[in-house]
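Encoded as structure tokens, the structure appears first; notes follow it.
Here is how names work: the chains are called A, B, and so on, in the same order as the sequence lines, proteins then strands, and each is numbered from 1.
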Amino acid sequence: MQEELFISGRDIPNIDPYLQIWHWPISVYLFLGGLAAGIIFFSSVITVLGKDKEYVGAVKYATLVPPVALSLGLLALVYDLTHPLYTYQLYTTIRLESPMSWGAWVLLITTPLTFMWVLTYYSEFVKNSSKRIGFLVKIEEFLVPYRKQMAYALIPLSIILGVYTGILLSAFNARPLWNNAILGPLFLTSGLSTGAATIILLAKSSAERHLFTRIDLALIVLELGLIVHMIMGMHAGSQVQLEAMQLLVGGEFTLMFFGFVIILGLLVPASIELMEILGKKVPAAVPAMLILLGGLIFRFVMVEAGQITRYLY
Amino acid sequence: MRYAMVIDTLKCVGCSDCVVACQTENNVPVGYCRDWITEVVDGSYPNVELELKSERCNHCENAPCVRCCPTGASHIIDGGIVLVTPEECIGCGACIESCPYDARFQHPEGYVDKCTFCHHRVEKGQSPACVSVCPTNCMYFGDLDDPNSEVSNLLRNRKFKTLAPEAGTKPHVYYLI
């Protein structure tokens, strides 16, 4: 039995006693990236299906969020780099084995598209024609006919973006908590759910709100299933994975994970949404806000707990 | 050519000479280190065992740091040495997250730094700084592809282990036990 272990001559900043390489900006980015992916996915699907006149909250108002979210997320990512002057090196190569590499490329394509999407609604946002800026109107006139084509491109891009936030973490076999294949789908589902919650907040009609409440409830059920899968997978895993699971189930992060993510962030909003679907009068903003908060805390828990899990020492 | 390091845990006394030699040779900033000593005590009195060893980057054959690097700054050169090009490194930390040995760190100037197997010395036919100063001669460096090299002989004739082999990295720092 191992009694004691000393590591001498080593107290490296951010590495010892456990990793603190990725800080809050990464968690915030993972949340914002998932949120943007969710909104883009829904607005694109609605546009492709030709229902954009019925669900204006999703295709018009909610799509104001992704460009802001992605820009802030990218800023957060660059802020957490320690050698940021060399950021351009990301775009001198494509390395398919590195999720961060293709993620950076997907962001480079998706972010401008989300800005262009908002511009296609420019004259609808700025009702007073005398206040419109000339060249933006020209861009709008140019882009509007291509809205459907943009939607076709954005559907796969948003799915990749949403999955990428999870795969970014699951690609590290050195961190047993992250190293499970379910994390990609789980983060995508969570991102879609936060996207649906934002659309509920910005919905313009009760029909739209009810549709996205239904979608969100289904996504929450799916997300809970994936979380159970994740825990079960680690429960049946190797020693390092068992130790990783302990952090979430009966460890340092249990309160955060079960209290704030699962109960307050998933079960409570799911019950309220269920009541709404059953016809009870409930404030729709409450479950939506809880889902957004739960999604954010989920990213924080996963990023921080994952960096504690390791193979040695 | 496949460089490897072999460290005899039965001869190591944990003096940290290798750590200081590395810091001096490679100008490692104060407070950082590219190699370090671990002391593991097993069992309870009177059946106690102490294992001392010097650890560093394992220059893995299946290096997760190289796989995860988004810019290609982390790369493997001839001889299997894993290196980082500071001018290509953006300091994202992906390689640090991916290393099961926690052998990498962010240099105060921002780029990621770690053991280089002293490739600037190896190129000239010298052994790495840590190996050359070890007072008990418990460290060996050489070519695994050469069946007659000292490291090949040691691994043929002695029991050895590698660190966290279950991580699937195929490390190239071997510990004689």
Side-chain angles (χ1 to χ4, degrees), chain A residues 1-16 18-23 26 77-78 80-95 97-105 168-169 171-176 178-179 238-240 303 306-307 310-313, chain B residues 14 16 18-20 23 31-33 35-45 48-50 54-55 64-74 85-112 163-164 166-169:
Chain A
M1 196 191 107
Q2 184 173 303
E3 287 284 300
E4 274 179 303
L5 182 135
F6 302 104
I7 303 165
S8 48
R10 216 188 117 133
D11 187 24
I12 304 175
N14 296 331
I15 308 284
D16 299 311
Y18 54 83
L19 284 199
Q20 281 174 308
I21 289 295
W22 284 353
H23 308 96
I26 302 294
L77 282 185
V78 175
D80 212 43
L81 297 180
T82 55
H83 220 204
L85 290 179
Y86 295 82
T87 309
Y88 70 91
Q89 289 284 358
L90 278 174
Y91 299 110
T92 56
T93 176
I94 297 182
R95 302 197 65 259
E97 276 189 322
S98 163
M100 203 182 273
S101 173
W102 53 257
W105 281 100
L168 178 71
L169 300 183
F172 300 128
N173 69 332
R175 311 292 148 208
W178 294 346
N179 189 216
S238 56
Q239 179 65 25
V240 285
V303 169
Q307 293 188 91
R310 50 173 40 169
Y311 272 88
L312 293 170
Y313 317 131
Chain B
S16 295
C18 47
V19 180
V20 178
Q23 287 166 330
Y32 294 78
C33 57
D35 55 353
W36 59 95
I37 305 287
T38 59
E39 311 170 18
V40 182
V41 180
D42 275 319
S44 53
Y45 183 82
V48 193
E49 210 172 272
L50 170 69
S54 168
E55 294 184 12
C65 50
V66 173
R67 177 167 52 81
C68 288
C69 178
T71 66
S74 284
T85 314
E87 296 76 35
E88 285 179 26
C89 176
I90 61 172
C92 66
C95 54
I96 300 177
E97 300 284 3
S98 74
C99 177
Y101 309 104
D102 290 343
R104 290 167 163 253
F105 58 86
Q106 283 158 333
H107 191 279
E109 285 176 24
Y111 58 87
V112 169
L163 295 180
E166 66 274 22
T169 52

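- Heavy atoms of other residues, nucleotides or ligands lying less than 6.0 angstrom from OH of A:Tyr18 number 12 at most.
- Residues B:Cys69 and A:Ser98 have side chains not in contact (no heavy-atom distance under 4.5 Å, counting atoms from C-beta outward).
- The distance from atom CG of A:Leu85 to atom CD1 of B:Ile90, rounded to the nearest 0.5 Å, is 12.0 Å.
- Taking all atoms of both residues into account, the shortest heavy-atom contact from A:Ile21 to B:Glu97 is CB-OE2, 3.6 Å.
- The CZ atom of A:Arg10 lies 13.0 Å from the OG atom of B:Ser16; values are rounded to the nearest 0.5 Å.
- Across every non-hydrogen atom of B:Cys92 and A:Trp22, the tightest pair is O-NE1, 2.6 Å.
- Looking only at heavy-atom pairs under 4.5 Å with chain A, the residue among B:Cys68, B:Pro64, B:Ala164 that has the most is B:Cys68.
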Practice item. List the steps and the verdict of side-chain contact (heavy atoms from CB on, under 4.5 Å) for B:Phe105 and A:Asn14. Key: CA-CA 8 Å; B:Phe105 58 86; A:Asn14 296 331; over 6 Å; no
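- Between A:Ile12 and B:Cys33, the closest heavy-atom pair is CD1-O, 3.4 Å.
- Shortest non-hydrogen contact noted between A:Leu312 and B:Pro100 is CD1-O, 3.9 Å.
- With respect to chain A, the highest number of heavy-atom pairs below 4.5 Å among B:Cys65, B:Cys89, B:Gly168, B:Gly72 belongs to B:Cys89.
- One distance of note links OG1 of A:Thr82 with NE2 of B:His107; it measures 11.0 Å at 0.5 Å rounding.
- Heavy-atom minimum distance, A:Leu90 versus B:Thr71: N-CG2, 3.8 Å.
- In this structure, the side chain to side chain contact (heavy atoms under 4.5 Å, CB included) partners of B:Thr85, at least two apart in sequence or on a different chain, are B:His75, B:Glu87, B:Glu88.
- Proximity to chain B (any heavy atom under 4.5 Å) is shown, for A:Trp102, by neither the backbone nor the side chain.
- Between atom CG of residue A:Leu19 and atom CD1 of residue B:Ile96 there is a gap of 7.5 Å, rounded to the nearest 0.5 Å.
- Of the possible polar contacts, one joining the A:Arg175 side chain to the B:Cys99 backbone as a donor-acceptor pair under 3.5 Å is found.
- A:Phe172 approaches B:Ala94 most closely through the heavy-atom pair CE2-O, 3.3 Å.
- Applying the ring pair (Phe, Tyr, Trp, His ring centres under 6.0 Å) rule to A:Tyr86 yields the partners A:His83; only residues at least two apart in sequence or on another chain are considered.
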